[in-house]
Amino acid sequence: DAGITQSPRHKVTETGTPVTLRCHQTENHRYMYWYRQDPGHGLRLIHYSYGVKDTDKGEVSDGYSVSRSKTEDFLLTLESATSSQTSVYFCAISESKDRGRSPLHFGNGTRLTVT
Amino acid sequence: SQQGEEDPQALSIQEGENATMNCSYKTSINNLQWYRQNSGRGLVHLILIRSNEREKHSGRLRVTLDTSKKSSSLLITASRAADTASYFCATFTSGTYKYIFGTGTRLKVLA
């Protein structure tokens, strides 16, 4: 398995509180992604990064922010958690050296429950 | 939404049978990839097909791509109980760094 660690693996938090999820990689890959997975929706892209301090929005970015201050870490922050953000969050990385022909490698996910 | 769709949503077959799942997408693509997810785990890459390819094989997997119809299919031959998982297609589009996933097919292979 690619060296990707997501933390925490599980978290329960209350509505209105900020939450930060961490993705750490040891592969030195340039591209990093945050997805959320919900029943009936598959995986939806929240934010992604194409380099240190270079990030962009995905399909469902409202209510989320990200930061990447070094290659190995990509942080996802829920600024004020809501019940609709209860989900499983996956981090993925890619070398993507050649127009997306490198596959994505996924972490094992963070299960977040907002009460 | 840019998200693609897969059908069927769920598929149940007997061990030894073939399983076919389909993916439709909405935009022009550079390539299409298929991933597998075992329950509670992250996705694992299976196979990639480029936009200028029509068919690709890898072991018991066969993938086809029809860019005129914006669709792809994944065939798993001689299925095994261990193939039980969810399968997702993902598209990559030139000019972006995004991989956009379909909604997935849940496959159950009965022993």
Side-chain angles (χ1 to χ4, degrees), chain A residues 1-6 9-10 23 25 29-51 54-62 66 68 74 87-111, chain B residues 1-10 21-53 56 58 61 63 65 85-106:
Chain A
D1 288 347
I4 308 169
T5 304
Q6 290 186 235
R9 289 298 313 278
H10 303 271
C23 178
Q25 61 146 327
H29 285 354
R30 178 179 174 188
Y31 301 92
M32 299 185 76
Y33 303 81
W34 277 108
Y35 288 89
R36 61 177 287 175
Q37 184 174 30
D38 305 287
H41 291 280
L43 276 85
R44 292 181 290 175
L45 181 63
I46 306 171
H47 281 281
Y48 62 101
S49 170
Y50 47 95
D54 291 322
T55 65
D56 205 350
K57 296 178 180 180
E59 307 165 87
V60 291
S61 59
D62 287 349
V66 289
R68 192 166 178 204
F74 193 32
S87 187
V88 181
Y89 291 85
F90 285 99
C91 173
I93 65 174
S94 173
E95 286 186 285
S96 202
K97 288 186 288 191
D98 184 15
R99 293 178 174 271
R101 289 172 188 172
S102 301
L104 288 173
H105 300 283
F106 281 82
N108 281 325
T110 293
R111 186 173 295 275
Chain B
S1 168
Q2 302 174 45
Q3 194 168 32
E5 290 194 6
E6 295 177 62
D7 87 278
Q9 289 186 330
M21 49 207 89
N22 305 295
C23 166
S24 61
Y25 56 91
K26 299 181 180 179
T27 63
S28 297
I29 62 171
N30 271 45
N31 67 63
L32 185 145
Q33 304 179 25
W34 285 89
Y35 289 79
R36 165 190 168 131
Q37 183 183 34
N38 289 92
S39 180
R41 303 298 300 271
L43 281 71
V44 175
H45 180 259
L46 294 175
I47 191 167
L48 178 151
I49 185 165
R50 300 175 188 178
S51 59
N52 62 353
E53 297 176 315
K56 199 160 182 182
S58 177
L61 304 180
V63 170
L65 179 64
S86 291
Y87 292 83
F88 295 87
C89 65
T91 55
F92 184 90
T93 300
S94 178
T96 79
Y97 302 105
K98 300 179 186 179
Y99 296 76
I100 302 298
F101 282 81
T103 51
T105 293
R106 293 189 312 279

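Sequence lines set the chain letters: A, B, ... in the order given, protein chains first and strands last, and positions in each chain run from 1. Computed over heavy atoms, backbone and side chain alike; hydrogens, waters and symmetry mates excluded.
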Original post:
Of the non-hydrogen atoms in B:Gln37 and A:Phe90, which two are nearest, and what is the gap between them?
Top reply: NE2-CZ, 3.5 Å
Subject >> Close side-chain approach of A:Tyr35 and B:Tyr99, heavy atoms under 4.5 Å >> reply: yes
Subject >> Least distance between heavy atoms, B:Gln33 atom then A:Ser102 atom >> reply: NE2-O, 3.9 Å
**OP:** Heavy atoms only: give me the nearest B:Phe101-A:Leu43 pair and the separation to one decimal.
**Re:** CB-O, 3.7 Å
**OP:** Assess whether atom CD of B:Gln9 is packed by more than 12 heavy atoms of other residues, nucleotides or ligands within 6.0 Å.
**Re:** no
Original post:
Checking A:Leu104 against chain B: side chain, backbone, both or neither under 4.5 Å from a heavy atom?
Top reply: both
Original post:
Is the number of heavy atoms from other residues, nucleotides or ligands within 6.0 Å of CZ (B:Arg106) greater than 12?
Top reply: no
Original post:
Between A:Gln6 and chain B, which part of the residue has a heavy atom less than 4.5 Å away: side chain, backbone, both or neither?
Top reply: neither
Subject >> B:Lys56, NZ: over 12 other non-hydrogen atoms inside 6.0 angstrom >> reply: yes
Original post:
Less than 4.5 Å apart, any side-chain heavy atom of B:Lys98 and any of A:Asp56?
Top reply: no
